[in-house]
Amino acid sequence: MNDTMNYTVMPDSSFLHPLLLQPAADADVPALCALMNLCYRGSENGTETQLQGWTSEVGLVAGQRIQPDDLQAFIHRADVSFFCIKNNADIIACFSLIQKKLQPLESKQVAACEFGSFAVHPHYQAQGLGKQLLSWGETFASDLNCTTMQMQVLAPREDLIAYYQRRGYQLTPSRAPFPKQLAVGTPLQDALSLVLMEKTLPA
């Protein structure tokens, strides 16, 4: 995690206060877990009883999207940059970048970043915030010398795939089975898979 990143003000006239984009800290983990579980699974505890947003996996995956211990370990990984967006003290959005290195493994040059953990609280959706954050993530990835941004999307989420295609991401032939071995929920469909999408970043 890059803990030297300076706070960045995200100006948006639709909010009463400037939005701060900053690296996630240990103290943010409970609120981040609540946000991600709400956005992906419909509620903080995965029971599908509350608001659903455009990243919702309700009907496809059950259970919690992330556990506090797993998220805390994730944000401390050396290859991960995890950011949260605050409106005053409230965390309303987040995303992560995983740096992928060229072969051979000894190389320090980063070839690609994987964009993930993308969540915007349903109350703050449809205001252009997600588009801003995706663009900012691409800029940060370029600053890390990445030439490609990658992301994985559940194959049945055609609307979400189309959203990313409108922003320059292309489907690749690569597919991966849902990671049942990870504590990210239980698939509700047989052979549920993830598709890989990519976008070439400007030099």
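Along the sequence shown, residues carry numbers from 1.
- The closest side-chain heavy-atom distance from Q22 to F83 is not below 4.5 Å.
- Under a cutoff of 6.0 Å and an axis angle of 45°, R167 and Y163 form a cation-pi pair.
- Taking NZ of K86 as the start and CD1 of I92 as the end, the distance is 11.5 Å to the nearest 0.5 Å.
- In terms of heavy atoms, E57 sits closest to R65 at OE1-CD, 4.4 Å.
- Using cut-offs of 30° and 60° for the angle between ring planes, the F74 and F82 rings count as perpendicular.
- Nearest heavy-atom pair across V29 and P68 is CG1-O, 3.6 Å.
- Between D28 and I75 there is no side-chain heavy-atom pair separated by less than 4.5 Å.
- Side-chain contact between L38 and P122: present, with at least one pair of heavy atoms (C-beta onward) separated by less than 4.5 Å.
- Side-chain atoms of Q170 and E198 form no donor-acceptor pair, as typed in the model, at a separation below 3.5 Å.
- Between R175 and S193, the shortest heavy-atom distance links the atoms NH1-OG, 3.0 Å.
- Between the side chain of S96 and the backbone N or O of G116, at least one donor-acceptor pair lies under 3.5 Å.
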* Criterion side chain to side chain contact (heavy atoms under 4.5 Å, CB included) on I91 and I85, from CA distance to verdict -> CA-CA 6 Å; I91 295 177; I85 290 78; over 6 Å; no
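- Summarising the geometry of A62 relative to L188, their closest heavy-atom pair is CB-CD2, 3.8 Å, with the distance given to 0.1 Å.
- Put simply, the side chain of P156 reaches to within 4.5 Å of the side chain of L60, judged on heavy atoms.
- Across all non-hydrogen atoms, the minimal contact from L194 to P177 is CD1-O, 4.4 Å.
- Residue Q181 qualifies as enclosed at atom CD: its count of foreign heavy atoms under 6.0 Å is above 12.
- With rounding to the nearest 0.5 angstrom, the CG atom of L97 is 11.0 Å from the CG atom of D79.
- Between the CG atom of L144 and the OG1 atom of T139 there is a distance of 11.0 Å, given to the nearest 0.5 Å.
- Judged by distance alone, the side chain of S142 and the main-chain N or O of E138 form a donor-acceptor pair under 3.5 Å.
- Using modelled atom types and a 3.5 Å distance limit, the side chains of D90 and H121 yield no donor-acceptor pair.
- Of the inter-residue distances, the one linking Q67 atom CD with D69 atom CG reads 8.0 Å to the nearest 0.5 angstrom.
- With a 4.5 Å cut-off on side-chain heavy atoms, L192 and L154 count as touching.
- At a cut-off of 3.5 Å, with distance as the only test, a side-chain donor of K100 or Q150 sits close to an acceptor on the other residue.
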* Asked: For K180 and T186, what are the C-alpha separation, side-chain angles and deciding distance, and is it a side chain to side chain contact (heavy atoms under 4.5 Å, CB included)?
  -> CA-CA 7 Å; K180 296 180 182 179; T186 302; over 6 Å; no
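- V184 places none of its side-chain heavy atoms less than 4.5 Å from the side chain of Q64.
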* Mind running side chain to side chain contact (heavy atoms under 4.5 Å, CB included) on Q189 and V61 for me, showing each step along the way? => CA-CA 8 Å; Q189 296 184 4; V61 185; over 6 Å; no
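- The hydrophobic clustering, which links ILVMFWY residues whose side-chain heavy atoms are closer than 4.5 Å, places L196 and Y164 apart.
- Across all their heavy atoms, I161 and A155 have their closest contact at CD1-O, 3.8 Å.
- To the nearest 0.5 Å, atom CG of residue L32 and atom CE of residue M36 are 8.0 Å apart.
- Ring geometry, F118 versus F95: the interplanar angle exceeds 60°, so the pair is classed perpendicular (tilted spans 30 to 60°).
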* Test Q127 against V120 for side chain to side chain contact (heavy atoms under 4.5 Å, CB included), laying out the working first. => CA-CA 10 Å; Q127 300 182 53; V120 177; over 6 Å; no
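- For the atom pair S117 OG and Y40 OH, the distance stands at 6.5 Å (nearest 0.5 Å).
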